[in-house]
Asks: 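The structure's right below; bear with me while I get my questions together.
First the proteins, then the strands, lettered A, B, ... as listed; each starts at 1.
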Amino acid sequence: MLDMKIIRENPEAVRRGIRLKGEEDNLSALLEIDQHRRAAIEEGDALKSRRNVLSKDIAQKVKAGGDIEPLKEESRTIGERIAALDEERRTIEERLRKLSLTIPNLPHSSVPEGKGSEDNQLVRTSGTKPEFDFKPKNHIELGESLGILDFPRASKIAGSGFPLYLGAGATLERALINFMLDEHLAGGQFREVMTPFVATSEAMTGTAQLPKLADDMYYCSRDDLYLIPTAEVPITNIHRGEILSEASLPIYYCGYSPCFRREAGSYGKETRGFLRVHQFNKVEMVKFVLPETSYDELESLLIAATGILDKLGIAYRVMELCTRDLSFAAAKCYDIETWSPGEEKWLEASSCSNFVDFQARRSAIRFRREGTGKLEFVHTLNGSGLATSRLMVSLLEAYQTDEGTIRVPDVLKRYTGFGHITAKGGQ
RNA sequence: GGAGAGGUGGCAGAGUGGUCGAAUGCGGCGGCCUCGAAAGCCGUUGUACGACUUGUUCGUACCGGGGGUUCGAAUCCCUCCCUCUCCGCCA
């Protein structure tokens, strides 16, 4: 959500941002409704003021004695008009609220302009792509031949697009999650959280999954709850509606969660195996920070995420998203893509975004500035650190041997308890 | 799921129809005292929206959310949500 005052005073700048992101431009309608709203408020407030005066007069005359009927009559008449105006105002504000939720965050000035993912800019590439003296298998061939991934049986349980890890595969997945959490917690800055994996529509609106992504989420109508598509939602909502002290900032959280995505409309080859699934595991980092620090915080968030890949020895590249590829709520975003030898493609395994005050406005997360004592919105950021499904693809494929087995990266051995995955299991 | 008790300012906690944005205490802020601090004393202390004469300004709203009764609601009624206690069920 943007500041209505800024939209009013600077509609052209806002309109340009909307266009750069390729979002629907509802600005004219928004401004018009805003105008109506203020007119209704002005008239209503004046009448309420009069009614309050009348009520006080009545109270006095009740004590002192006197004819209160004329006063009551005027108040009644005003009351009817007030009720009508209040009703009008409610309707207007509901429309205004709905409309304002469709206005995206504006891209930061440093974000490259572009028309799509082809205009994203390479920031850096790190690690070396593994070389094989045999034809590398993809993760599906590896996983199924080793008996550690079973997509056919998974679909028996939940339909297509859900993961079933078995034996050493399940252990490896768990090892990866624990390794990532421990790495992030090691610096002592992040606080680990374990949140609900479902969230209300208020929470979803606060982080801006709603209204835009409603069709991409699983929804439990009976209880009016959504399955979380990312831990960003519950973690950011921890402080919804709160006023934080400046001294408490920055606040860093990190936590594991499964993520559920309907991925409506995606079918075909790019959905094979783990490339696009309805459920995956992720370790998420969320930051609440002072506004003036948020772009520095974005850089350090990126370092925290890529540090995992450095230790795992997986080749990756960092892309800065262009304006058109930015998500609805983001002002700036880096994607981290890991190399898949089997697909011979880069796979998006993490996004690190600065939302500036956009989510904080929707969620009413503020802090009191020392010195001035004024309330300001915090800036929020989040980054995957990282999502395991695509990471698992890169890991299995990069660490395969010519015998079709998997070597476990050194840093994970103390988590798995084995160093090699063969058809007989972990050894 | 059933029964009961609650939800008031940053926190605790009064307030059962009118002058209540709300006593009191704690906390916070400022001052006095002090070499300094503590204690003590004095003062002060919310948010949102709207207006313009942009002000230590004016108006409106806010006592869990929504609705109702009334000239007037923190206070009465309805409803929803949440918390607590007991019972039931249960990993």
Asks: Hey, does A:Arg8 reach any base, or is it just sugar-phosphate, or nothing, if we go heavy atoms under 4.0 Å?
Replies: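 Answer is sugar-phosphate: A:Arg8 comes under 4.0 Å of backbone atoms only.
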
Asks: Taking the P atom in each of B:G9 and B:A14, what is the distance between them to the nearest angstrom?
Replies: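 13 Å, rounded to whole Å.
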
Asks: Less than 4.5 Å apart, side chain to side chain, heavy atoms only: is that true for A:Met204 and A:Pro229?
Replies: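 When only atoms from C-beta onward are counted, A:Pro229 and A:Met204 do touch, with a gap below 4.5 Å.
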
Asks: Between P on B:A48 and CD on A:Glu93, what's the gap in Å once rounded to a whole number?
Replies: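 Taking atom P of B:A48 as the reference, CD of A:Glu93 is at 16 Å.
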
Asks: What base-paired stems does RNA chain B take part in, with at least 3 consecutive Watson-Crick or G-U wobble pairs and both distances under 3.5 Å?
Replies: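 Stem list for RNA chain B: B:1-7 with B:81-87, B:10-12 with B:24-26, B:27-32 with B:40-45, B:46-51 with B:57-62, B:64-68 with B:76-80.
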
Asks: In whole Å, I'd like the distance from the CG atom of A:Asp34 to the C1' atom of B:C49.
Replies: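 Atom CG in A:Asp34 sits about 11 Å away from atom C1' in B:C49.
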
Asks: Taking the six-membered ring of A:Tyr252 (Phe, Tyr or Trp), confirm whether the NZ or CZ of A:Lys287 is under 6.0 Å from its centre and within 45° of its axis.
Replies: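 Geometry flag: set, cation within 6.0 Å and 45°.
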
Asks: Looking at A:Arg8, I'd like to know if its CZ atom is crowded, meaning that more than 12 non-hydrogen atoms belonging to other residues, nucleotides or ligands lie closer than 6.0 Å.
Replies: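 More than 12 within 6.0 Å, yes.
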
Asks: Using the C1' atom as the reference point in each nucleotide, state the distance between B:G7 and B:G66 in Å, no decimals.
Replies: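 It comes out at 16 Å once rounded to the nearest Å.
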
Asks: Treat primed atoms plus P, OP1 and OP2 as sugar-phosphate and everything else as base, then score nucleotides 59-64 of chain B 5' to 3': B for base contact with protein heavy atoms under 4.0 Å, S for sugar-phosphate contact only, - for none.
Replies: BSS---

Asks: Write down the distance separating the P atoms in B:A74 and B:G17, rounded off to the nearest Å.
Replies: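 Each nucleotide's P atom is 13 Å from the other's.
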
Asks: Grab the CD-C1' distance between A:Glu246 and B:G10 for me, whole Å please.
Replies: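 Interatomic distance, CD of A:Glu246 to C1' of B:G10: 17 Å.
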
Asks: Can you tell me how far C1' in B:G72 sits from the matching atom in B:G88, rounded to whole Å?
Replies: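 Nearest-Å result for B:G72 against B:G88 at atom C1': 46 Å.
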
